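Worksheet for the structure shown next.
Residue numbers count from 1 along this sequence. All values reported here derive from a predicted model rather than from experimental measurement. As a basis for the values below, the full set of heavy atoms in this structure was taken, side chains included, without hydrogen atoms, waters or symmetry mates.
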Amino acid sequence: MKIISRIIPLLFLATMISCKQEKQTPKVIYEQVKESISPKKVDTSSIKIADLPIHMEGSNYLIHPVGDVRVYDDYSKVYGSSKTNQVSYAISNYNRFELTGYFDNLKFQHIDSTNVIKLTDDKIQIQTVTFLNTISDKFKKQILVYTLVDDDTNKDDKIDQNDIKSLYLSYSNGSKFTKISEPLQELIDWNIIEVQKRLYFRCIEDINKNGAFDKNDKVHYHFVNLLANEWKAEEYMPI
């Protein structure tokens, strides 16, 4: 009985050490160090679909969000909120001046035209689109701000919310689609200072290259002159 009583605490201690050694899944992979493992097969099918167009007040364009609807054979998992026969056909949500969701492109249509133009040919995942209505009202510049993923930074062969989020700008018709944030810097947040006609934003850089963003990394502060002919981020040092 003494031997058993000694073994049980040792097993418990080993379990606790093992749990502590578990690491958070990294958001950035700098080198591929493990062998490729075949992913678990799931019976799914993917349907390319567009939501009904939305019009942001003050803009001259309709926006058609485009993405995938995924159907699982056992119906145990579906995306979105509007369901027909256990399948969701909603890929985005709209709240006056902001469009949110997980979609892979946008198409733009002038309110007086039937012509539809896509935003990009690149593979991306758009998460938010915001129309700067106050900038439009005061300075007659119709600008959209995007938060999106444009690179498979964690090397899992997918571009999704588990990769680094970036900041982009474009005009309300999708033209001049421009990346503002730096590569491999995770967007934290952004805001508009109207009196300066500027967009301010913060990003974090994984300076210790451990694949995660934590207290040991560096926060960068930038601003962009929204009325400039060329949108270019300038770094400033508030601390």
Supply the atom-to-atom distance S166 OG to L184 CG, rounded to the nearest 0.5 angstrom.
8.5 Å
Answer yes or no: is there a side-chain heavy-atom contact under 4.5 Å between N162 and V149?
no
For the pair Q142 (side chain) and N60 (backbone), establish whether a donor and an acceptor sit closer than 3.5 Å, ignoring hydrogens and angles.
yes
Checking the side chain of D206 only, and the main-chain atoms of F213 only, is there a donor and an acceptor separated by less than 3.5 Å?
no
Any chance you could lay out the salt bridge (Lys or Arg N to Asp or Glu O under 4.0 Å) test for K123 and D104, step after step, and finish with the verdict?
CA-CA 7 Å; K123 184 173 178 56; D104 55 37; over 6 Å; no
Give the minimum heavy-atom separation between A228 and K176, together with the two atoms involved.
O-NZ, 3.8 Å
Under a 4.5 Å cut-off applied to non-hydrogen side-chain atoms, are I49 and V66 in contact?
no
Is there a side-chain contact between T178 and Y168 in this structure, where contact means two heavy atoms from C-beta onward sitting under 4.5 Å apart?
no
Are T128 and Y146 linked by a side-chain donor-acceptor pair shorter than 3.5 Å?
no
For F223 together with Y200, are the ring centres under 6.0 Å from each other?
yes
Are any of the side-chain heavy atoms of L167 and L199 separated by less than 4.5 Å?
yes
Do L132 and L226 have side chains that approach each other closer than 4.5 Å (heavy atoms only, starting at C-beta)?
yes
Under 3.5 Å, side chain of D151 to main-chain N/O of T153, donor-acceptor pair present?
no
Please check this pair: side chain of D150 against backbone of I124, looking for a donor-acceptor N/O pair closer than 3.5 Å.
no
So does R96 get a backbone contact from the side chain of Y94, meaning a donor-acceptor N/O pair under 3.5 Å?
yes
Say whether, by atom type as modelled, one donor and one acceptor occur between the side chain of S92 and the main chain of P65 under 3.5 angstrom.
no
Is it true that the NZ or CZ of R202 lies under 6.0 Å from the centre of Y221's six-membered ring and within 45 degrees of the ring axis?
no
Can you check whether P53 reaches I63 side chain to side chain, under 4.5 Å on heavy atoms?
no
Without swapping roles, check the side chain of E186 against the backbone of K165 for a donor-acceptor pair under 3.5 Å.
yes
For T134 and E194, test the side chains for any donor-to-acceptor distance below 3.5 angstrom and give the result as yes or no.
yes
Could you tell me whether a side-chain N or O of D189 sits under 3.5 Å from a main-chain N or O of F201, the two making a donor and an acceptor?
no
Would you kindly say whether E182 and H220 are connected by a side-chain donor-acceptor distance under 3.5 Å?
no
Atom pair CD1 (I159) and CD1 (I164), whose distance is rounded to the nearest 0.5 Å
12.5 Å
Side-chain donor-acceptor pair present, D68, Y102, cut-off under 3.5 Å
no
Is I143 reachable from F177 through a run of hydrophobic residues whose side-chain heavy atoms are each under 4.5 Å from the next?
no
Check whether any side-chain heavy atom of W190 sits under 4.5 Å from a side-chain heavy atom of I192, and report yes or no.
yes
Flag the pair W231 / Y171 as yes when their ring centroid distance falls below 6.0 Å, and as no otherwise.
yes
Heavy-atom neighbours of N229 CG exceed 12 at 6.0 Å
no
Whether Q125 side chain and Q161 backbone form a donor-acceptor pair below 3.5 Å:
yes
Walk me through whether Y61 and Q109 qualify under side-chain contact (heavy atoms from CB on, under 4.5 Å).
CA-CA 5 Å; Y61 287 84; Q109 178 185 354; 5.8 Å; no
In sequence, state the C-alpha distance, the side-chain angles, and the governing distance for K118 and D121, and then conclude on salt bridge (Lys or Arg N to Asp or Glu O under 4.0 Å).
CA-CA 8 Å; K118 63 183 174 181; D121 290 318; 2.5 Å; yes
Do the side-chain N and O atoms of N173 and S175 include a donor-acceptor pair separated by under 3.5 angstrom?
yes
Walk me through whether V145 and V129 qualify under side-chain contact (heavy atoms from CB on, under 4.5 Å).
CA-CA 6 Å; V145 181; V129 185; over 6 Å; no
Show, in sequence, the C-alpha distance, side-chain angles and deciding distance for E234 and H222, and conclude whether the side-chain hydrogen bond (donor to acceptor under 3.5 Å, both in side chains) test is met.
CA-CA 5 Å; E234 297 182 45; H222 295 88; over 6 Å; no
Counting only heavy atoms not in K179 (residues, nucleotides, ligands), do more than 12 fall under 6.0 Å from its NZ?
yes
Hey, which of L144, L99, I117 is the one that makes side chain to side chain contact (heavy atoms under 4.5 Å, CB included) with L106?
L99
Given the rule in the side-chain contact (heavy atoms from CB on, under 4.5 Å) test, do F108 and V116 qualify, once you have shown the distances and angles that lead to the verdict?
CA-CA 5 Å; F108 296 87; V116 178; over 6 Å; no
Using the side-chain contact (heavy atoms from CB on, under 4.5 Å) rule, take H55 and I111 through it: C-alpha gap first, then chi angles, then the decisive distance, then the call.
CA-CA 9 Å; H55 177 247; I111 55 177; 4.1 Å; yes
Report yes if the side chains of F131 and E98 come closer than 4.5 Å at any heavy-atom pair, otherwise no.
no
Determine, using the 4.5 Å side-chain heavy-atom cutoff (strictly less than), whether Y236 and V219 are members of one ILVMFWY cluster.
yes
Look only at the side chain of D152 and the backbone of D156, and say whether a donor-acceptor pair between them is shorter than 3.5 Å.
yes
